[in-house]
Amino acid sequence: MDTTHSDSKSTEAVLAVDVSGDLRFMLDQLPDGVIFMDEAWRITYANEQARRISRIRPEDLNSKSHWELYPATVGTEQERRYRRVMYERVIEEFEVYYEPFDVWIKLRALPIASGMAVYYQDVTELKRAQIEAASVTRRLEQVFDATSDAIAVLNREWRYTFLNQRAAKLLQPDGRELIGQTMWNMFPETVFPGSPFVENFFRTMNEGVSTVFEAYYPAPLNSHFQVECQPSPEGVVFFFRDITESKRAEKALRAEQAETERQRAELEAIYRTAPVGLILFEPKELRYLRINDRQTEMMGLSREEVLGRRVEEIVTSPIALENLRKVAAGGVVTDFTFETAFVGRPDETQAFNVNYSPVLDADGQVRAISVAALDVTKLRKAERALIQSEKLAAVGRLASSISHEINNPLEAVTNLLYLIATDEVLPPSLKPYVHAAQDELSRVSQIATQTLRFHRQSNKPTAVTPAQLVDAVLNLFAGRLSNSGIHVEASYSTATKIVCFENDIRQVLNNLIANAIDAMRTGGRLLARAHDAHHGGLEGVRILVADTGTGMSVETQRRLFEPFYTTKDLNGTGLGLWISKEIVDRHGGDLRVRSTQNGKMHGTVFSLFLPKEPPAVAASNSAPLKSPAVVKGEGLLR
C-alpha cells in the first residue's frame with residue numbers, strides 16, 4: 001500500500017530473511033508503513049508506521065487474512081493488483097482510498113520469498129490539499145472562461161497545466177489533449193532559429209520579464225497570434241488572441257503588388273538566363289536598352305560596357321545595322337544568318353541566326369526593337385569539319401588502296417634488285433647504287449605497310465611498346481621532318497608493353513608530332529622520350545613529345561582541348577587534340593601540356609601517360625582533366 005525509496009532487487013533480498021533483531025529495529029524507524037503477507041494472505045509482520053496507518057493490533061498478526069481484516073478491499077482494484085503481485089510475481093504501484101478509515105494510501109507491492117511485501121504511506125493531507133486546489137482552480141477557470149482572450153499556463157517543464165475555453169478552441173482544433181503535454185512537442189513549428197515563440201517565451205520564463213509579440217503558426221492552426229507572456233511562480237501565463245483576419249486584410253492590400261513583382265521577377269529570370277541571346281534596342285539611335293547574360297557572353301563584354309551604346313560601336317558587321325533600321329521602320333527580319341565580330345573579341349568571327357521584331361505601343365508606333373540571336377558558330381564549324389573529315393577519310397582510303405596495290409610491284413622490284421646484287425657479273429662500281437636502291441625500296445615498303453596499319457582498325461586491344469608506337473609515326477613523317485630541317489632525338493628508357501588500341505594511340509601521337517612540326521616552320525628539334533611512370537595509382541609509361549617551336553599563349557593552352565578550337569585558320573579543324581584527349585581518356589590515361597613563348601626558352605611539351613593495364617580500354621568514360629598540369633621533371637627544349 002505504499003512507496004519505498006530503496007532498490008527493488010536489494011529489498012527483495014532483505015525481505016527473504018526473518019524479520020528480527022536489527023532488521024526489525026530498522027523497519028520500525030521507517031516513515032512508511034511496511035507489512036509482509038504470506039501466501040494465505042495473513043499479515044506476518046507490520047512495522048510501527050503500518051500498525052498506526054492500518055490500525056493493526058498484535059492479535060491481527062498471523063491470524064485473520066487481509067480480506068477478513070479489511071473487507072472493504074474485496075472486489076476492488078486493490079484486490080486485483082494484490083493478486084497479480086502474489087500470483088504473477090510482478091511489482092505494482094498505485095493509490096487507493098479506504099473509505100472505512102477515510103484515508104488515501106499510496107502503496108507499492110512486490111513479491112518476496114514467503115509471499116508479498118507492501119510499502120505504503122498516508123497521503124490523505126496531500127490529497128485533500130490537491131482537492132482544495134482543484135476547487136480553487138475550477139473557480140478561476142470559470143472566471144477565465146468568461147474572458148474574451150485565450151489564456152494558457154505553462155509550468156517550468158514547458159507543460160500545459162491550464163487552458164481556458166477560448167485557448168482550447170484556438171489551440172485544439174483537432175480535439176487533441178494538451179494538458180500535461182510540452183509546448184515544443186505539441187507545436188514543433190515554434191522551434192526554429194529566430195523563432196519569436198522561442199525568444200519571447202524563454203525570456204519570460206528565464207528572466208522573469210513580460211514580453212509581447214506577434215507570430216504566425218502554420219497547420220494545423222494556420223493562424224496569426226498576438227501574444228503577451230507574463231511570468232508566474234510556476235512558469236509562464238500567456239494571453240493571446242487570433243488576429244488572422246486583420247492580417248489577411250493587410251496581406252490582401254499587398255497581394256496584387258506582390259503578384260506583379262513575382263511575375264516581373266520570373267520574366268526577368270527567364271530573360272536573363274535564356275540560352276538564346278536577347279537584346280532590346282531603342283528605335284531612333286539604335287542604342288542597347290537591355291541585354292541578357294547569354295548575349296554578353298557571346299560578345300565578350302560586360303552588361304555595363306554594352307548598355308547605352310550604339311549598335312555600330314559593338315558590332316563590326318554593317319548588316320546588323322541595316323536590319324535594325326529596317327525593323328525600326330516597321331519591318332520584320334526573321335531567320336537571318338550572318339557572320340560578325342564584336343569589339344570585345346575583334347579577332348574572333350562568330351556566326352548567328354537572328355530574328356528582329358518591332359515592339360509596338362498602343363498607337364502602332366515602334367517603341368523598341370527585340371532581337372533574338374542564336375550562336376551557330378560551332379554548327380558551321382561542325383559542318384566544315386564534317387566535310388574535311390570526309391575528305392580526309394577519302395584520302396585515307398585512297399592511300400590505303402595505293403599502298404595495297406603497290407605492295408606486289410614492290411615485292412617484284414625487291415626480288416629483282418636482290419638478283420642484280422647477287423649476280424657475279426655485276427661490276428663492283430654499281431654495287432653501292434644497288435644497295436642504296438634496296439635501302440630506299442625497303443623504306444618505301446615500310447611506309448606502305450605503316451599506311452595500311454593506320455587505316456585498318458583493330459577490334460580488340462594489343463600489347464605494344466612505346467618505341468613501336470612512336471617509331472612508326474616518326475617513320476611516316478621522316479620525309480617531312482627532313483625537308484623542314486627538324487632534328488629528331490628519340491630515346492626510350494623502357495620496353496614495358498602497354499595494352500591499348502594501337503591505331504588509336506598512333507593517331508594521338510600523329511596529332512602531337514604533326515602539331516610539333518607545324519610549330520617549327522624554320523627548323524628546330526623534336527624530342528621523343530618514354531619511361532616507366534605512375535599516375536593516379538596506376539602503373540604505366542609516360543611518352544613525351546617536345547618541340548622548340550613558337551610555343552602557345554596561356555589562352556590557347558586553356559582552350560587547347562576544346563572541340564573546333566584551332567589556331568591554324570582554314571588549315572585546321574580544331575578536332576585533332578579534342579579527339580586525342582577523348583582517346584586517351586577512354587584508355588584511362590592522361591594527356592597534359594606545358595608551353596611557353598619566352599624569347600630565350602620557347603616551345604611545347606606534351607606528356608602522354610598510358611596505364612600498363614587499363615581497367616576498361618574500350619568502355620571507359622573517364623572525365624577529361626579540368627586543367628592542364630605541369631609536366632614535372634622535363635625541361636623545354638632550347
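Atom set for the values below is all heavy atoms of this structure, side chains included, hydrogens, waters and symmetry mates excluded.
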Contacts of Tyr271 meeting ring pair (Phe, Tyr, Trp, His ring centres under 6.0 Å) (sequence neighbours excluded), chain-then-number -> none
Rounded to the nearest 0.5 angstrom, the CZ-CE distance for Arg525 and Met520 is 10.0 Å
* Asked: Is it the case that Thr334 and Asn355 place a side-chain donor and acceptor less than 3.5 Å from each other?
  -> no
dist Lys326:NZ -> Tyr356:OH (nearest 0.5 Å) comes out at 11.0 Å
TODO: For the residue pair Asp532 and Val541, establish whether any side-chain heavy-atom pair is separated by less than 4.5 Å.
DONE: yes
One should read off an interatomic distance between Glu312 CD and Arg287 CZ, to the nearest 0.5 angstrom, of 8.5 Å
Between Phe606 and Met552, the two heavy atoms sitting closest are CZ-CE, 4.5 Å
Looking only at heavy atoms, the pair that brings Phe352 and Met298 closest together is CE2-SD, 3.4 Å
- Main-chain N/O of Ser595 paired to Gln557 side chain as donor or acceptor, under 3.5 Å: yes
Contact check, side chains of Asp335 and Asn353, non-hydrogen atoms, under 4.5 Å: yes
Rounded to the nearest 0.5 Å, the CG atom of Leu280 sits from the CD atom of Gln295 at a distance of 12.5 Å
task = Could you tell me whether the side chain of Pro358 reaches within less than 4.5 Å of the side chain of Val332, counting heavy atoms only?
result = yes
Heavy-atom side-chain proximity of Leu608 to Val584 below 4.5 angstrom
yes
Looking at Arg506 and Val473, would you say the former's side chain and the latter's main chain have a donor-acceptor pair under 3.5 Å?
no
Heavy atoms of Ala373 and Val354 approach each other most closely as CB-CG2, 4.2 Å
Looking only at heavy atoms, the pair that brings Ser607 and Arg542 closest together is OG-NH1, 2.6 Å
Legend entry - Any donor-acceptor N/O pair, Arg559 side chain to Glu555 backbone, under 3.5 Å: no
One should read off an interatomic distance between Ile583 CD1 and Asp585 CG, to the nearest 0.5 angstrom, of 10.0 Å
Tightest non-hydrogen contact, residues Thr604 and Gly551, listed as OG1-CA, 3.8 Å
>> Angle between ring planes, Tyr217 versus Phe187, binned at 30° and 60°: parallel, tilted or perpendicular?
In response: perpendicular
The side-chain hydrogen bond (donor to acceptor under 3.5 Å, both in side chains) partners of Ser195 (sequence neighbours excluded) come to none
**Asked** Quick one: are Asn222 and Tyr216 in side-chain contact, heavy atoms under 4.5 Å?
**Response** yes
Checklist entry - Within a strict 4.5 Å, meaning less than it, do heavy atoms of the Asn323 and Val371 side chains meet? => result no
In short, ring-ring contact (aromatic ring centres under 6.0 Å, His included) pairs touching residues 272-299 with sequence neighbours left out are Phe281-Tyr288
For Ala320 and Val315, the nearest pair of non-hydrogen atoms, with its separation, is CB-CG1, 4.0 Å
Is there a donor-acceptor pair closer than 3.5 Å between any side-chain N or O of His531 and the backbone N or O of Leu544? no
* Asked: Do Phe477 and Ile486 have side chains that get closer than 4.5 Å, going by heavy atoms?
  -> no
- prompt: For Glu489 and Leu527, what are the C-alpha separation, side-chain angles and deciding distance, and is it a side chain to side chain contact (heavy atoms under 4.5 Å, CB included)?
  reply: CA-CA 5 Å; Glu489 298 178 15; Leu527 174 68; 4.1 Å; yes
Q.
Less than 3.5 Å apart, any donor N or O on the side chain of Gln263 or Glu259 sitting next to an acceptor on the other?
A. yes
- Salt bridge or not for Glu297 and Arg294, using N-O below 4.0 Å? yes
Between the CD1 atom in Ile270 and the CG atom in Leu278, the distance rounded to the nearest 0.5 Å is 11.0 Å
(Q) Just so I know, are the side chains of Pro466 and Thr494 near enough to count as touching, which here means a heavy-atom distance under 4.5 Å? (A) yes
